*Asks:* 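Mind looking over this structure? Questions follow.
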Amino acid sequence: MYKRILTAALLFGMACTGPPAWALTCAPREALVARLTSEYAETLTARGLQNGAALIEVWSSEERGSFTILLTRPDGISCVMSAGTHWMMEKPIVSTGGVAG
């Protein structure tokens with residue numbers, strides 16, 4: 001019984017000393033952009049400011065159907081917020097002068 005408790009405590013302790021999962025998806029923006037363009041053939045398709053403190057970017061690849069959403073902080077560090085497949089570009093709906101709603 002003590003062996004099981006000790007083993008569980010050691011495994012839990014080792015797991016707690018590892019880096020947080022989000023730290024593995026953050027890097028200088030230039031490094032992430034280089035990887036997105038070379039390995040995934042993604043290009044910048046949209047971007048916008050989030051509360052004036054961070055830049056949100058959407059990178060996607062029409063040929064592969066992949067996408068990645070980056071959040072870039074003012075210090076130049078970018079973090080991958082989301083990534084996936086089956087990305088589809090939608091054409092914007094053009095209003096004919098009527099009020100939407």
Side-chain angles (χ1 to χ4, degrees):
M1 171 139 172
Y2 291 113
K3 286 182 182 179
R4 289 184 183 169
I5 293 172
L6 181 61
T7 302
L10 287 173
L11 288 175
F12 181 74
M14 287 189 310
C16 289
T17 61
W22 58 264
L24 300 176
T25 60
C26 295
R29 183 181 180 279
E30 295 80 24
L32 284 178
V33 167
R35 186 169 184 199
L36 292 176
T37 56
S38 66
E39 292 184 30
Y40 300 98
E42 293 184 357
T43 58
L44 181 63
T45 54
R47 70 174 129 196
L49 287 176
Q50 180 187 36
N51 298 327
L55 180 67
I56 301 290
E57 297 176 317
V58 178
W59 291 75
S60 64
S61 171
E62 284 189 45
E63 66 184 55
R64 295 180 59 137
S66 63
F67 71 93
T68 306
I69 299 174
L70 294 182
L71 178 134
T72 303
R73 303 183 315 221
D75 63 0
I77 299 296
S78 292
C79 298
V80 176
M81 302 304 293
S82 183
T85 59
H86 297 87
W87 179 258
M88 294 177 276
M89 293 293 293
E90 298 290 332
K91 292 183 181 179
I93 298 172
V94 179
S95 175
T96 59
V99 177

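Heavy-atom basis, side chains included; hydrogens, waters and symmetry copies ignored. Quantities reported herein were computed from a predicted structural model and do not represent experimental measurements.
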*Asks:* Report yes or no: do Met81 and Leu44 belong to one cluster of Ile/Leu/Val/Met/Phe/Trp/Tyr joined by side chain heavy-atom distances under 4.5 Å?
*Replies:* no

*Asks:* With sequence neighbours excluded, what pairs up with Glu39 under the side chain to side chain donor-acceptor pair (under 3.5 Å) test?
*Replies:* Arg35

*Asks:* Output yes when a side-chain donor or acceptor of Ser82 lies under 3.5 Å from a complementary backbone atom of Ile69, and no otherwise.
*Replies:* no

*Asks:* Just checking Leu49: does its CG atom have more than 12 heavy atoms from other residues, nucleotides or ligands closer to it than 6.0 angstrom?
*Replies:* yes

*Asks:* Report the distance from atom OG1 of Thr25 to atom CG of Leu70, rounding to the nearest 0.5 Å.
*Replies:* 9.5 Å

*Asks:* Give the minimum heavy-atom separation between Trp59 and Thr37, together with the two atoms involved.
*Replies:* CZ3-CG2, 4.0 Å

*Asks:* I'd like to know if the side chain of Thr45 reaches the main chain of Val58, judged simply by a donor and an acceptor atom lying under 3.5 Å from each other, with no hydrogens or angles considered.
*Replies:* yes

*Asks:* Any salt bridge (charged side-chain N to carboxylate O under 4.0 Å, His left out) involving residues 75-92? Give me the pairs, sequence neighbours left out, ordered by first then second residue.
*Replies:* Arg73-Asp75

*Asks:* Might you point out which heavy atoms bring Val80 and Ala83 nearest each other, and give the distance in Å?
*Replies:* CG1-CB, 4.5 Å

*Asks:* Could you grab the distance from atom CD of Gln50 to atom CG of Leu55, nearest 0.5 Å is fine?
*Replies:* 10.0 Å

*Asks:* Can you measure from OG (Ser60) to CD (Glu63) and round to the nearest 0.5 angstrom?
*Replies:* 11.0 Å

*Asks:* Which atom pair, heavy atoms only, marks the closest approach of Ala53 to Pro74?
*Replies:* O-CD, 3.1 Å

*Asks:* Between Ser78 and Thr72, what is the shortest heavy-atom contact and its length?
*Replies:* OG-OG1, 2.6 Å

*Asks:* When clusters are formed by joining ILVMFWY residues with side-chain heavy atoms under 4.5 Å apart, either directly or through shared neighbours, do Leu71 and Phe67 land in the same one?
*Replies:* yes

